[in-house]
Amino acid sequence: MTGRPTFTGGVYLVTDTVLCGELGVVDTVRAAVAGGVRLVQIRDKTASDTDFYDLVMRTANAVGDRALLLVNDRVDAFLAARSAGAAVHGVHVGQGDMSPLQVRRIVGADAVIGLTAHTAAHIMDAHRLPESTVDYFGVGAIRPSATKPDHPRPLGVVGFRALASLTSLPCVAIGGITLADMPILRRAGAAGAAAVSAICGAPDPRANTEALIAAWDE
């Protein structure tokens, strides 16, 4: 990797292994990328270290450089995949994970780092870090989400707009987002909107991705 990729925003796929069902994560991601997704976060909190690393490698090989591939939480898996030559571009960490500053020191300057933010305090804390530690925020939950039962109290669009107004960094809305939310969130200041069920749980992930992107572009 020769430099930190640009975080472009738009429709942002977060994978859910269970929802992907028989199609599987790799083919779901492949379909979503064919439908236009350019941001993919590989998330599987229950997979073993070996299985998760294998999932990251297979997904990276399927996607190549057609999308930014971010690894959820597991910095070790990102480092191992990058060391093996996979096209992985960064990590996304939550408030309970390793601090973004520690992550930046480990992954280096050429990796994208995303940070989950539920409150104004989370954003203010990130602003106190050295410049360019964090590249974007994942802000939510917008609505209750069945894919993340431990989500914080939902913000709604109004709450999202308030948090996004506190920062110049890109904010990706996440949590219970539907097709109808896409243009509303964009007008509320979202740089992107994360889809989990809307793509992973769809009978035709490519068609749903195309519909989400069309709604985002309205």
Side-chain angles (χ1 to χ4, degrees), residues 7-20 25 28-29 32-33 35-46 67-74 89-97 100 103 112-123 125-126 134-167 169-202 205 208-209 211-213 215-216:
F7 185 83
T8 54
V11 176
Y12 178 124
L13 169 60
V14 180
T15 68
D16 183 298
T17 301
V18 173
L19 282 176
C20 287
V25 170
T28 298
V29 171
V33 170
V37 154
R38 295 294 175 264
L39 289 162
V40 179
Q41 180 182 327
I42 301 299
R43 185 174 75 181
D44 188 334
K45 290 181 175 294
T46 63
L68 289 189
L69 193 65
L70 308 176
V71 175
N72 186 73
D73 293 353
R74 304 194 194 187
H89 304 93
V91 295
H92 184 98
V93 291
Q95 289 295 321
D97 299 324
V103 175
V112 173
I113 294 179
L115 175 67
T116 298
H118 306 307
T119 67
H122 292 161
I123 290 176
D125 287 346
V134 172
D135 294 291
Y136 74 98
F137 293 110
V139 177
I142 305 303
R143 295 196 177 86
S145 171
T147 63
K148 194 173 175 56
D150 60 343
H151 63 75
R153 186 173 67 178
L155 298 167
V157 174
V158 172
F160 173 85
R161 186 196 302 272
L163 292 190
S165 71
L166 299 176
T167 181
L169 290 177
C171 290
V172 175
I174 186 168
I177 295 171
T178 67
L179 183 70
D181 294 320
M182 304 302 269
I184 298 169
L185 287 167
R186 190 170 187 180
R187 289 195 292 272
V196 187
S197 304
I199 294 178
C200 297
N208 272 38
T209 298
L212 289 165
I213 291 174
W216 178 258

#### Entry: Pairing residues for Val93 by the side-chain contact (heavy atoms from CB on, under 4.5 Å) criterion, not counting sequence neighbours
Asp97, Val103, Leu115
### Nearest heavy-atom neighbours spanning Ala67 and Val33
CB-CG2, 4.1 Å
### Task
Ignoring hydrogens and angles, tell me if any N or O in the side chain of His89 forms a donor-acceptor pair with the backbone of Leu69 under 3.5 Å.
yes
### Task
Name all residues meeting the side-chain hydrogen bond (donor to acceptor under 3.5 Å, both in side chains) criterion together with Thr167; count only those two or more places apart in sequence or in a different chain, and write none if there are none.
His127
#### Entry: Minimum heavy-atom distance Ala190-Trp216, with the two atoms named
O-CH2, 3.4 Å
### Task
Just jot down the side-chain contact (heavy atoms from CB on, under 4.5 Å) partners of Ala191, sequence neighbours excluded, or say none.
Pro170
### Backbone N/O of Ile113 and side chain of His92: donor-acceptor pair under 3.5 Å
no
#### Entry: Heavy-atom check, side chain of Leu39 versus side chain of Val11, under 4.5 Å
no
### Query
Given the rule in the side chain to side chain contact (heavy atoms under 4.5 Å, CB included) test, do Lys45 and Asp73 qualify, once you have shown the distances and angles that lead to the verdict?
CA-CA 9 Å; Lys45 290 181 175 294; Asp73 293 353; 2.5 Å; yes
### Task
Please confirm whether the backbone N or O of Ile199 pairs with a side-chain atom of Asn208, one donor and one acceptor, at under 3.5 Å?
no
### Query
Who pairs with Ile184 by side-chain contact (heavy atoms from CB on, under 4.5 Å), at least two apart in sequence or on another chain?
Val157, Arg187
### Task
Could you tell me which non-hydrogen atom of Pro205 sits nearest to which non-hydrogen atom of Ala202, and how far apart they are?
CD-O, 3.7 Å
### Query
What is the minimum heavy-atom distance between Thr28 and Cys200, and which atoms define it?
CG2-CA, 4.1 Å
### Query
Does some side-chain heavy atom of Leu212 sit less than 4.5 Å from a side-chain heavy atom of Leu179?
yes
### Message
If I compare all heavy atoms of Ile213 with all of Gly35, which pair ends up nearest, and what's the gap?
### Response
CD1-O, 3.5 Å
### Query
Roughly how far apart are Gln41 CD and Thr15 OG1, rounded to 0.5 Å?
7.5 Å
### Under the side-chain hydrogen bond (donor to acceptor under 3.5 Å, both in side chains) test, residues paired with Asp135 that sit two or more places apart
Arg4, Arg104
### Query
Under a 4.5 Å cut-off applied to non-hydrogen side-chain atoms, are Leu70 and Tyr12 in contact?
yes
#### Entry: Ring centres under 6.0 angstrom apart (Phe137, His122)
no
#### Entry: Charged N-O contact under 4.0 Å between Asp16 and Arg43
no
### Pairs where residues 175-186 contributes a residue and the test salt bridge (charged side-chain N to carboxylate O under 4.0 Å, His left out) is met, not counting sequence neighbours
Arg143-Asp181, Arg186-Asp217
### Query
Distance from Ile142 atom CD1 to Ile174 atom CD1, nearest 0.5 Å?
9.0 Å
### Message
Taking salt bridge (charged side-chain N to carboxylate O under 4.0 Å, His left out) as the cut-off, I'd like each qualifying pair that reaches into residues 190-200, sequence neighbours left out, listed once.
### Response
none
### Task
In sequence, state the C-alpha distance, the side-chain angles, and the governing distance for Val29 and Leu13, and then conclude on side chain to side chain contact (heavy atoms under 4.5 Å, CB included).
CA-CA 8 Å; Val29 171; Leu13 169 60; 4.0 Å; yes
## Note on the structure
Residue set satisfying side-chain contact (heavy atoms from CB on, under 4.5 Å) with Leu163, at least two apart, ordered chain then number -> Ala120, Ile123, Val139, Leu155, Leu166
### Task
Apply salt bridge (charged side-chain N to carboxylate O under 4.0 Å, His left out) to Arg161 and list each qualifying residue two or more places apart in sequence or on a separate chain.
none
### Query
Any idea which heavy atoms bring Val172 and Ala194 closest together, and the distance?
CG1-N, 3.8 Å
#### Entry: Spacing of OH belonging to Tyr136 relative to OG1 belonging to Thr116, to within rounding of 0.5 Å
8.0 Å
